Amino acid sequence: MRILATVAEMRNFRLEASDPVVLVPTMGALHAGHAALIDAARQHAGAQGTVIVTVFVNPTQFGPHEDFHRYPRPLEADCELCRAHGADAVFAPTIEEIYPPGDSIRIDETSLSRGLCGAERPGHFAGVCTVVAKLFLITRPAAAIFGEKDYQQLAVIRRLVRDLFFGIEIIGHPTVREHDGLAMSSRNRYLTPEQRQLAAFFPAALQDATMEATPELITARATKLIKDNIGSAPQYVSLVDAETLESPPAAGRPAVLAAAVKIGDTRLIDNVRIAPRDAKI
Ligand code: AMP
């Protein structure tokens, strides 16, 4: 497995890489959720194809008071995990490689990124779109894999690829969870043992709320369960159309119940799908 630090090295590797190239973009601090994405990438690429994992903590997607500086960066362990899961290359560039001095282009998705996390984190999805577009152009993959845990991000990236004609297949991967249902996240390591116990109520609240009959009852129940069990109000709870993210979803459309909650200083997001037949919505 090659470890590449510069755009020039990555481009040279790409020239020799055998098709199809499948990309797994990450911010590192890799866990079993990322590992599942790398396994899926390997499966998609086949034995002959090339799996590239990018590890880059992207400064432009963090707000001024967010956790950019304390975000964990265990690069050696990350490379070990990538190697163990059959990646062919890890691209781990510096900030200056991706944003050279004078860099001034930003890509702003103007619809899907306005609600949910976008409302709480202004500029976040412009940062995501910009870095993902750069990574796509540097690595030129046939396909890229993203987790459904970051549901809005997946929808925004599908739109990025559609609207800018990237011609890259975007593959969504189901959320990988801990034994108690908590979605795996690099940020879970910020939680104290007590907070970690409370965090399990978050996915349980979303799952429980899907039993309700209308969008209003579903969001009200999830909000109440989160407040009662975790002790803090969610940043948002929203039932949205699985594709357009419109809220509430039209009757009969596949929907997603998405939410964010802060436990102490740690912000957690999660979502559950609601098939039209399950919800009387
Ligand atoms: P991150 O390193 O948090 O930016 O995540 C990199 C990629 O891994 C994104 O596509 C995430 O959606 C995905 N991911 C993170 N956590 C999980 C998880 N628990 N299950 C599935 N995918 C995940």
Side-chain angles (χ1 to χ4, degrees), residues 22-44 51-63 66-68 70-75 77-79 81-82 85 87 90-93 98 112-113 116-118 121 124-136 139 141 143-161 168-191 196 199-200 202-203 206-207 256 258-260 266-273:
V22 182
L23 183 71
V24 182
T26 81
M27 297 204 301
L30 302 181
H31 49 66
H34 297 112
L37 266 57
I38 299 168
D39 291 343
R42 170 49 66 204
Q43 197 156 24
H44 197 78
V51 173
I52 301 173
V53 179
T54 63
V55 173
F56 181 63
V57 184
N58 173 38
T60 62
Q61 72 187 69
F62 286 78
E66 294 183 1
D67 55 344
F68 174 70
R70 72 168 175 144
Y71 201 87
R73 291 165 171 86
L75 184 60
D78 287 346
C79 289
L81 183 143
C82 291
H85 286 268
V90 170
F91 178 46
I98 299 298
L112 302 173
S113 43
L116 306 176
C117 290
R121 306 181 72 190
H124 170 71
F125 287 109
V128 169
C129 286
T130 302
V131 78
V132 169
K134 285 174 182 259
L135 294 171
F136 282 170
T139 61
I145 307 202
F146 292 85
E148 289 179 354
K149 189 196 73 111
D150 301 276
Y151 196 86
Q152 187 178 17
Q153 170 173 279
L154 176 58
V156 167
I157 285 164
R158 287 191 196 283
R159 185 63 60 88
L160 171 78
V161 164
I168 295 171
E169 182 188 359
I170 300 301
I171 300 166
H173 192 284
T175 301
V176 178
R177 297 178 179 281
E178 303 281 1
H179 63 279
D180 61 0
L182 179 65
M184 289 194 177
S185 165
S186 307
R187 291 186 168 102
N188 290 351
R189 64 185 72 186
Y190 297 151
L191 298 168
R196 173 63 189 80
F202 183 35
L206 299 184
Q207 198 59 54
V256 170
T266 306
R267 184 173 182 278
L268 302 178
I269 59 171
D270 204 344
N271 66 83
V272 291
R273 279 172 176 276

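Just so you know, these numbers come straight off a predicted model, no measurement behind them. We count ligands from 1, going down the list as the structure has it; atoms in each ligand are counted the same way.
- Taking every non-hydrogen atom of Thr175 and a distance limit under 4.0 Å, the qualifying atoms of ligand 1 come out as 20 (N), 21 (C).
- Ligand 1 has at least one atom lying under 4.0 Å from a heavy atom of Pro174.
- Heavy atoms of Arg177 found under 4.0 angstrom from ligand 1: none, in either backbone or side chain.
- Looking at Gly147 next to ligand 1, an N or O pair under 3.5 Å apart turns up.
- Checked options Arg177, Arg187, Lys149; the residue passing with Asp270 is Arg177 (criterion: salt bridge (Lys or Arg N to Asp or Glu O under 4.0 Å)).
- Checking Glu148, Gln61, Gln153 against atom 9 (C) of ligand 1, the nearest heavy atom belongs to Gln153.
- Within the listing of ligand 1, atoms 10 (O) sit less than 4.0 angstrom from a heavy atom of Phe146.
- Cation-pi geometry between Arg73 and Phe68 is met: the NZ or CZ atom falls under 6.0 Å from the ring centre, inside 45° of the normal.
- Set against the non-hydrogen atoms of Asp150, the atoms of ligand 1 under 4.0 Å away are 11 (C), 12 (O).
- Residue contact check: Met184 has heavy atoms under 4.0 Å from atoms 16 (N), 17 (C), 18 (C), 19 (N) of ligand 1.
- Residue Ile168 holds its CD1 atom at 6.5 Å from OG1 of Thr139, rounded to the nearest 0.5 Å.
- Taking atom 1 (P) of ligand 1 as the reference point, the nearest protein heavy-atom neighbour is His34 NE2, 3.7 Å.
- When Leu37, Val24, Val132 are checked for heavy-atom proximity to atom 8 (O) of ligand 1, Leu37 turns out nearest.
- Residues satisfying the ring-ring contact (aromatic ring centres under 6.0 Å, His included) test with Phe136, not counting sequence neighbours, are Phe166.
- Under the side-chain contact (heavy atoms from CB on, under 4.5 Å) test applied with Leu37, the options His85, Arg42, His173 reduce to a single match, His173.
- For the pair Pro25 and ligand 1, a heavy-atom separation below 4.0 Å is found.
- At least one heavy atom of His31 lies less than 4.0 angstrom from ligand 1.
- How far CG of Asn188 is from NE2 of His31: 7.0 Å, rounded to the nearest 0.5 Å.
- With 3.5 Å as the limit, one finds no donor-acceptor pair spanning the side chains of Glu66 and His124.
- At least one cation-pi condition fails for Arg159 and Phe125: the charged atom is not both under 6.0 angstrom from the six-membered ring centre and inside a 45 degree cone around its axis.
- Considering backbone and side-chain atoms alike, Val176 places an N or O below 3.5 Å from some N or O of ligand 1.
- Looking only at heavy atoms of the protein, atom 4 (O) of ligand 1 is closest to Met27 CG, 3.5 Å.
- Minimum heavy-atom separation, Phe56 to Pro93: CD1-O, 3.5 Å.
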